[in-house]
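Below, all heavy atoms of this structure are taken into account, side chains as well, without hydrogens, waters or symmetry copies. Numbers for residues simply follow the sequence, beginning at 1. Read the numbers this way: they start at 1 and go in the same order the structure lists the ligands and their atoms. Keep in mind that this is a model prediction, so the values were computed, not measured.
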Amino acid sequence: MGKEQFKQRLERHHDELRWLYMELYQNDDMFGELCSQLYEYDKQRGKDLKQRDLAREKEPDWYKKNDILGMMLYIDNFAENLEGVEQKLDYLEQCQVNYIHLMPFLDTPKGRSDGGYAVADFHKVQPQLGTMEDLKSLTGACHKKGMNVCMDFVMNHTSEDHEWAQKARQGDGEYMSRYFFYKDYSIPAQYEKTVPQVFPTTAPGNFTWLPDAGHFVMTTFYPYQWDLNYQNPRVFNEMVYNFLYLANQGIDVMRIDAVPYIWKELNTPCRNLKQVHTIVRMMRMICEIVCPGVLLLGEVVMEPEKVAPYFGTVEKPECHMLYNVTTMATTWHSVATRDIRLLKLQMDIVNRLPKEYVFLNYLRCHDDIGWGLDYVWLMQYGIGEVSHKKYLNDFLTGQYTDSFARGELYNSDPTSGDARLCGTTASLCGIEKAAFERNDAALAQAVKLDLMLHAYMLTQSGIPMIYSGDEIGQENDYTYHKDPDRCADSRYLHRGRFRWDLAEKRMEKGSVQERLFNGIANLERIRKTTAVFNTDADVWTIETGDNSVLGIIRANASQKLVALFNFSEYDKYVHLEENEESYTDLITGTAVQGKDIQIPAYGAFWLYR
Ligand code: GLC
């Protein structure tokens, strides 16, 4: 039975897979090896996982509804180690979370880890976090509770401590060819002409000189993260084997890290090249052959026109899910400007995409907020890119008197004037400042803004992702300033330890934690149980007559939701063209008369009929 099923799945994709593989590698032997290894990983795949695969094959749209709520967390910050996370699943259930993204946990050198994104061994868990057995046990426990587990598959590079890198450093040609090695700077210099920088201040340049090896090596990210050379079929094959090994530990969602960068070509920006899509398409087919229950989540932090192609086409799909990154960045632009026009435009772009496309919606993640906004559109109002980024950064780092936000800059580049931004949702919403100043009115306002943003995020189709700690309004963590391994990377500002002491306060009526925790829980309950939040609903934005109030409609055959969000600190009146007589606000359960509606400062309505 097992073999038959594998054969069927392989047959379905064999010709296309072979075609694409040959296009890249023209190597029959390596393709043969790949296919026989796929079968090995299929045989090793556990019985429970195979059942999960079958069920999901029968219901391929299982992740496209309104019943998934994700949370991303660092294992050590949240519960010390994998075993600890397993013991805390009850808390996650209380949060109604049924999808957890475990931030990088594979073996990585201390002090040269990039938050775990520099993997030294794809088969080993960081010892302080546990073992592969612990991971398997955790995924098993999650599955029993109906939870999905996501992990990062860092495929663009390895740590310089990875076995391949060590051998390459010693001059072993076979391993050097798995990276990009150059004797002198002439080719690197040519690359530098067309390849932009990811970390312009914390890790400038795209190459690193290795004095002991007498070579330059390509390092798009940090100098200790060596870019893998996917022109070498050995690299592709071995990385696929690593992928399948990890999938077989019970992972449901593989976040393919920094995927646009994986193919390099001289005289190009080395981003989003067509071969990247060939590789992602092959990975999708490989998943469908060996582990059809596993989803690919692409990390494509780019402008919308670059993101959508990673879904592939209906006949040739690539990623199952992608991040709604421009919407996220535009949200914070709207917070800082109290102007939703650009956000409305951005939502219109996303809403016009096919409903099959599943986005992960989020307010914050572990990375910085990069200001990838539509500057051409902003220019019609005379808003220039450099000055606007400066305004956003100044506002969100609390430089203006009316600014409530407490963020920090990230990779501030004095030459270009460019900088990105860090900070937790609560701190950016003003909770930190108001609590520090013991200003109750400001605190109430900040909590409202935070809840409004969550309501708005949950209004969008797709999978909402909560950043662990946001559900209790966790503030920035400044201790990284004193940690020599971390102080240069301000993303640690919003990667603090989970405050279980504060989580306890969610039981205290009226506390910030209780207001946020219960507020978000209420929203999520409504979202899960109201069909109009399903991805099959039509979604569009409406004019509200006020540039601070965003209006979104979700509608299916029988239900309609008019969602309104006030991004300003003033009460507003909006006039709805949709002048149905009366609605129920699902959030408060109260009746609201249509047409002229008063929406309080930072208020959110889910008006339903
Ligand atoms: C991704 C991760 C980021 C990391 C980078 C390099 O963008 O989200 O945290 O620094 O990849 O692996």
Side-chain angles (χ1 to χ4, degrees), residues 70 72-77 101-109 111-120 122 126 150-162 165 179 195-206 208 217-228 230 239 242-243 253-264 270-272 276 280 296-303 306-307 310 319 321-326 328-329 360 362 364-370 372 410-411 420-423 465 467-468 480 485-486 488-496:
M72 52 189 300
L73 56 88
Y74 285 90
I75 295 166
D76 52 350
N77 284 342
H101 176 181
L102 301 171
M103 296 305 290
F105 53 78
L106 293 176
D107 200 27
T108 184
R112 290 174 291 127
S113 76
D114 184 22
Y117 286 98
V119 177
F122 289 92
Q126 291 167 33
C150 167
M151 78 173 284
D152 288 86
F153 184 60
V154 186
M155 62 181 302
N156 177 67
H157 42 259
T158 73
S159 154
E160 62 178 343
D161 283 18
H162 189 279
Y179 300 94
V195 183
Q197 311 224 359
V198 179
F199 300 141
T201 43
T202 51
N206 288 292
T208 300
V217 66
M218 187 186 274
T219 53
T220 305
F221 292 84
Y222 280 109
Y224 51 77
Q225 287 165 310
W226 295 8
D227 288 74
L228 286 168
Y230 279 89
M239 290 304 281
N242 286 331
F243 179 101
V253 180
M254 282 285 193
R255 173 186 180 275
I256 39 181
D257 181 61
V259 66
Y261 300 81
I262 60 175
W263 193 273
K264 276 80 176 180
C270 295
R271 272 121 170 102
N272 306 305
V276 174
V280 178
L296 289 178
L297 163 63
E299 191 226 358
V300 185
V301 180
M302 306 261 161
E303 52 274 42
K306 305 260 170 58
V307 174
Y310 284 87
C319 292
M321 309 186 292
L322 293 165
Y323 288 93
N324 201 348
V325 56
T326 305
M328 183 278 292
L360 254 67
Y362 61 117
R364 290 298 296 120
C365 75
H366 67 296
D367 281 329
D368 50 292
I369 303 171
Y410 179 71
N411 267 274
R420 286 123 74 177
L421 188 97
C422 296
M465 287 296 291
Y467 191 64
S468 168
Y480 85 95
D485 290 342
R486 297 179 161 182
D489 194 331
S490 53
R491 290 176 297 178
Y492 287 103
L493 182 68
H494 51 253
R495 297 177 181 174

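- Close approach to R491 involves these atoms of ligand 1, each under 4.0 Å from a residue heavy atom: 3 (C), 4 (C), 9 (O), 10 (O).
- The part of F199 lying near ligand 1 is the side chain, judged by heavy-atom distances below 4.0 Å.
- Ranking protein heavy atoms by distance to atom 9 (O) of ligand 1, first place goes to D367 OD1, 2.7 Å.
- Side chain of Y224 to backbone of D114: a donor-acceptor contact under 3.5 angstrom is found.
- For atom 10 (O) of ligand 1, the closest non-hydrogen atom of the protein is D114 OD2, 2.7 Å.
- Assignment of R255 to the shell around ligand 1 is supported, since a heavy atom sits closer than 4.0 Å.
- Taking the six-membered ring for Trp and thresholds of 30 and 60 degrees, F199 and F221 have ring planes more than 60 degrees apart, a perpendicular arrangement.
- The F221 neighbourhood of ligand 1 comprises atoms 5 (C), 6 (C), with distances under 4.0 Å to a heavy atom of that residue.
- Checking side-chain atoms of N156 against main-chain N and O of V259 turns up no donor-acceptor pair under 3.5 Å.
- For atom 7 (O) of ligand 1, the closest non-hydrogen atom of the protein is E299 OE2, 2.7 Å.
- Between the side chains of D152 and Y117, at least one donor N or O sits under 3.5 Å from an acceptor N or O.
- A donor-acceptor contact under 3.5 angstrom links the side chains of Y310 and N272, judged on distance only.
- Near H157, with a cut-off below 4.0 Å to any heavy atom, the atoms of ligand 1 are 6 (C), 12 (O).
- Here the protein heavy atom with the shortest distance to atom 11 (O) of ligand 1 is D257 OD1, 2.9 Å.
- Checked against a 6.0 Å centroid threshold, the rings of Y323 and Y362 count as neighbours.
- In this structure, H494 contributes its side chain and G423 its backbone to a donor-acceptor pair below 3.5 Å.
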